[in-house]
Protein chains: 2
Amino acid sequence: MITSHNGPQPADFTDVRATNLAVVLRFVRENAPCSRADIAASTGLNKATVSSLVADLIDRRLLRETGLTEHRVGRPATMLVLDGSPYAAIGIEVNVDYITAVAVDLKGEELLNWRRSFPGGTSGPGQAVVAMAALARRVVSRMTKEARQVLGLTVAVPGLVDVDGIVRVAPNLGWRDADLAGDLTKALRDPGFPVLVDNDANLAALAEHRFGPHRNAANLVYVTGEVGVGAGIVLDGRLRRGGQGYSGEIGHLELDPAGPVCRCGRRGCLEAVAGVGAILAHTAPDASPSDLELEIDEVVRRARNEDREVLGLLENLGRHLGRGMAAVANLLNPEVVILGGYYVPLAPWLVGCAEEEMYGRVLAPGGGGCRLEVSTLGYGAAALGAAARVLDSVDSGRLPAQR
Amino acid sequence: MITSHNGPQPADFTDVRATNLAVVLRFVRENAPCSRADIAASTGLNKATVSSLVADLIDRRLLRETGLTEHRVGRPATMLVLDGSPYAAIGIEVNVDYITAVAVDLKGEELLNWRRSFPGGTSGPGQAVVAMAALARRVVSRMTKEARQVLGLTVAVPGLVDVDGIVRVAPNLGWRDADLAGDLTKALRDPGFPVLVDNDANLAALAEHRFGPHRNAANLVYVTGEVGVGAGIVLDGRLRRGGQGYSGEIGHLELDPAGPVCRCGRRGCLEAVAGVGAILAHTAPDASPSDLELEIDEVVRRARNEDREVLGLLENLGRHLGRGMAAVANLLNPEVVILGGYYVPLAPWLVGCAEEEMYGRVLAPGGGGCRLEVSTLGYGAAALGAAARVLDSVDSGRLPAQR
DNA sequence: TTAGTTAGTTCCATAGCCAAACAAATGCGG
DNA sequence: CCGCATTTGTTTGGCTATGGAACTAACTAA
């Protein structure tokens, strides 16, 4: 059945066309190279219809014909692949001390990945907007030079972003109520493509859903392991943002009213007992936020050397994390919970005990089929997801205009 | 945009038609009585299209023309209303000691509501199936006598029900791995309508989403307050069941590792500190499950008389409940969390402190717009939701065949 | 060379939407 | 009482896009 996913909106032929174009596009992405006949056979669309759809997609340069198959009985098939070359999607991740920009083509191939250090945390998003606009302009001009059309730009922000793209609170950046999308659009002066803003965990979840090894899971939760802990929730194949866009705020899930004090003032929050800060508070109490990566490296080194203290801390963290993930698994029953951020390098010492705690607490038989996995996308997951969000709108049928 | 909600399924004209029929049907339900012109103006569909759709729906006896409007400039409009009369949807709720069956028409008007006490908890679902089949047959024959076609039957079960409708675990009933839907279909011998099974909290959430005062909220969570505590989750307008159908298992959310022992063996589960059992353990430690309602009445009486002990217990329960709901609100950011079951009579003494705790813990500004409300649908919410589930499939375009 | 097989296109019928013209039924102003 | 404006709902024609069937294309195998 076809269902408009938000409310009852009437459908007409353009919707049918858009849906079917999206079906073909997705099929080719997931099964390239493939022939028109393959598409028809697998999707159930008529051969004639597929031909028409493919012609349309080739016209828009979203697909490309490659060689023929040979050495088979029957007429050789002309194979189709995604044509990455004429388009690009841009994702930008803002953080306390740096900005990352990535550009990907339709396949998700990374075209560039630029990081720029950035003295943030000063006074509202003004400087960040200037810096992002400058970086974005350079990315756009590079893409233009490569004869690519930019389909859109999305910014990943570590904080609460509402459904309209307003950054309500970004504690680490010190922002409140910032209309980042609007400001950035203005700074780019009629960029000719949509500029969106979303939460970093949401976008990382999107990246996993699109590019990760669990991309066929319709239900997954991505958990960021930074100083703060947040989650992005994909259910039934789509990001679920909640009523106002604030879903996934898992960091202050209260695990233990007698636990250590959290920066939010309460005790025993997930963030306080299972955020990476819980370890660094012991191993490097005076580290500045910008040294985080180095400090984590140090923790990994000590864990490798079987440093008792660090191993104990990690096990403790893993157990708390597992308890938090049990709450997620019980409430949402996703196929997989993916640990990201600094949990990735620490995973060898975390996942075992976290899983143990989690499975011990999940009520559903067999843990509800929920696995605990480690992200393979690395630190750039949010930026990649930001770009993926642009591709998502293409995927759902909003194709770029014909050439 | 049209989006197939699970995976990329191709669309054709029948899908457009089904979508638009559903749009008109929903519009009339929510705006009856209304004219064809109203529908066209509000939905954006063409007048001609609306006429055709309405004719189709009248043919299928889902709509009916009532009188004309008068005393207005212009041609009087023929008003349309849902034609409840020729159809019925049946919902059945199984519980430890009784079975409830309700039948509703398309409008959700209750046609009958039968409760039958039932000595459950014996040995698997065999007896229950016999009892349900007997009850269902009586309901069906009554509906047939009223010249109604039964569109479907859904059973609400307090337990884990997987996506295929298999009851995996129903602790209070003592069932495991029961193919209730299959058994009941067999017992009814080719009933001519679909028989489905789902979790009671899920179905109650559906009832709230369709009939409750917050029916326009696209994101809501329903929490059952029985001995066990479970949740049904509606996000972006649809029930979200998770990967295997086990979402909403909130009862063993661990609120306090030092709390009282839960029947699951761990400590401080939501169910143990905020289930109604947490009160009855003090006020009526020897009560049998079947006396639950009476015992709760007694608690209400004592609370009304400002019994110190009971008021203290209720406040304590409310605070714990608020902490649990904070977790839900932070993770999902619904517009509303609806308390059901025995929380309803206890609400006057619970909601205040629960809200206080919840809002103190929700990170999003303004609590993310998440309110804590009390169900108005009463104990029959699950059965009503079971019937609503049948109506949902009509709503999403699977209309009954033409007469 | 011929038969068999698979790929993709062309042609036509059909479904169902929209726009516009039209018919129907009313109130209102002169 | 009569035209006129107003609103409703139907009819007609045009358009888009799907599906089915026939057809062309290009290859392998014997």
Side-chain angles (χ1 to χ4, degrees), chain A residues 2 4 8-24 27-28 31 33-59 63-80 397 399 402, chain B residues 1-2 4 8-24 27-28 31 33-59 63 65-80 397 399 402:
Chain A
I2 286 189
S4 154
Q9 273 153 315
D12 67 5
F13 300 109
T14 60
D15 296 314
V16 175
R17 189 69 175 177
T19 303
N20 289 340
L21 284 168
V23 166
V24 172
F27 185 88
V28 175
N31 299 278
C34 60
S35 68
R36 291 169 175 80
D38 294 337
I39 300 172
S42 298
T43 61
L45 287 162
N46 189 280
K47 283 198 299 174
T49 309
V50 170
S51 273
S52 148
L53 292 164
V54 165
D56 209 346
L57 291 169
I58 288 177
D59 258 14
L63 295 186
R64 193 161 43 85
E65 292 186 339
T66 110
L68 305 180
T69 48
E70 281 164 56
H71 306 300
R72 276 193 347 203
V73 178
R75 171 175 165 178
T78 56
M79 302 309 266
L80 299 164
L399 305 188
Q402 225 134 331
Chain B
M1 241 300 294
I2 287 187
S4 154
Q9 273 152 317
D12 67 2
F13 301 111
T14 61
D15 296 315
V16 174
R17 189 69 176 178
T19 304
N20 289 341
L21 284 168
V23 166
V24 171
F27 183 88
V28 175
N31 299 278
C34 61
S35 69
R36 292 168 173 81
D38 294 337
I39 300 172
S42 296
T43 62
L45 286 163
N46 189 280
K47 283 197 299 174
T49 309
V50 170
S51 273
S52 149
L53 291 165
V54 165
D56 210 347
L57 291 169
I58 289 177
D59 258 14
L63 295 186
E65 291 187 339
T66 107
L68 304 180
T69 49
E70 282 164 55
H71 306 302
R72 277 192 346 202
V73 179
R75 171 177 165 178
T78 55
M79 302 309 266
L80 299 165
L399 304 188
Q402 225 134 331

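As the structure is a computational prediction, the values presented were derived from the model and not from experiment. Naming: A, B, ... by sequence-line order, numbering from 1 per chain.
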What's [X] touching, base or sugar-phosphate or nothing? Going by heavy atoms closer than 4.0 Å.
{"X": "A:S35", "value": "sugar-phosphate"}
{"X": "A:T78", "value": "sugar-phosphate"}
{"X": "A:A37", "value": "sugar-phosphate"}

[X] side chain, from C-beta outward: closest of [options]:
{"X": "B:R75", "options": "D:dA25, D:dT8, C:dT5", "value": "D:dT8"}
{"X": "B:L45", "options": "C:dC18, D:dT6, C:dT9", "value": "C:dC18"}
{"X": "B:A48", "options": "D:dG9, C:dA19, D:dT28", "value": "C:dA19"}
{"X": "A:P76", "options": "D:dC27, D:dT8, D:dT12", "value": "D:dC27"}
{"X": "B:K47", "options": "C:dA7, C:dT9, D:dT10", "value": "D:dT10"}
{"X": "B:F13", "options": "D:dT18, C:dT10, C:dC18", "value": "D:dT18"}
{"X": "A:T49", "options": "C:dC18, D:dG19, C:dT9", "value": "D:dG19"}

What is the distance, rounded to the nearest whole Å, between atom [atom1] of [X] and atom [atom2] of [N]?
{"X": "B:D56", "N": "C:dA15", "atom1": "CG", "atom2": "C1'", "value": "12 Å"}
{"X": "A:L21", "N": "D:dA17", "atom1": "CG", "atom2": "P", "value": "9 Å"}
{"X": "B:D15", "N": "C:dT14", "atom1": "CG", "atom2": "C1'", "value": "16 Å"}

- Can you name the closest pair of heavy atoms from B:R36 and B:V50 and give their distance? O-CG1, 3.6 Å
- Message: Could you report the tightest heavy-atom contact between A:M79 and A:P33, atom names first, then the distance?
- Response: CE-O, 3.5 Å
- Has the side chain of B:D59 got a donor or acceptor atom that lies under 3.5 Å from a matching backbone atom of B:D56? no
Can you tell me if the side-chain N/O atoms of [X] get under 4.0 Å from OP1 or OP2 in [N]?
{"X": "A:R17", "N": "D:dT16", "value": "no"}
{"X": "B:N20", "N": "C:dG16", "value": "no"}
{"X": "B:N46", "N": "C:dC17", "value": "no"}

- Item | Option from B:I39, B:L57, B:N31 for which side-chain contact (heavy atoms from CB on, under 4.5 Å) with B:L80 holds | B:I39
- Task: Evaluate the criterion side-chain contact (heavy atoms from CB on, under 4.5 Å) for residue pair B:V24 and B:L45; output intermediate values, then yes/no.
- Result: CA-CA 9 Å; B:V24 171; B:L45 286 163; 4.2 Å; yes
- By nearest nucleotide on DNA chain C, pick out whichever of B:L53 and A:D38 is the more 5' one. A:D38
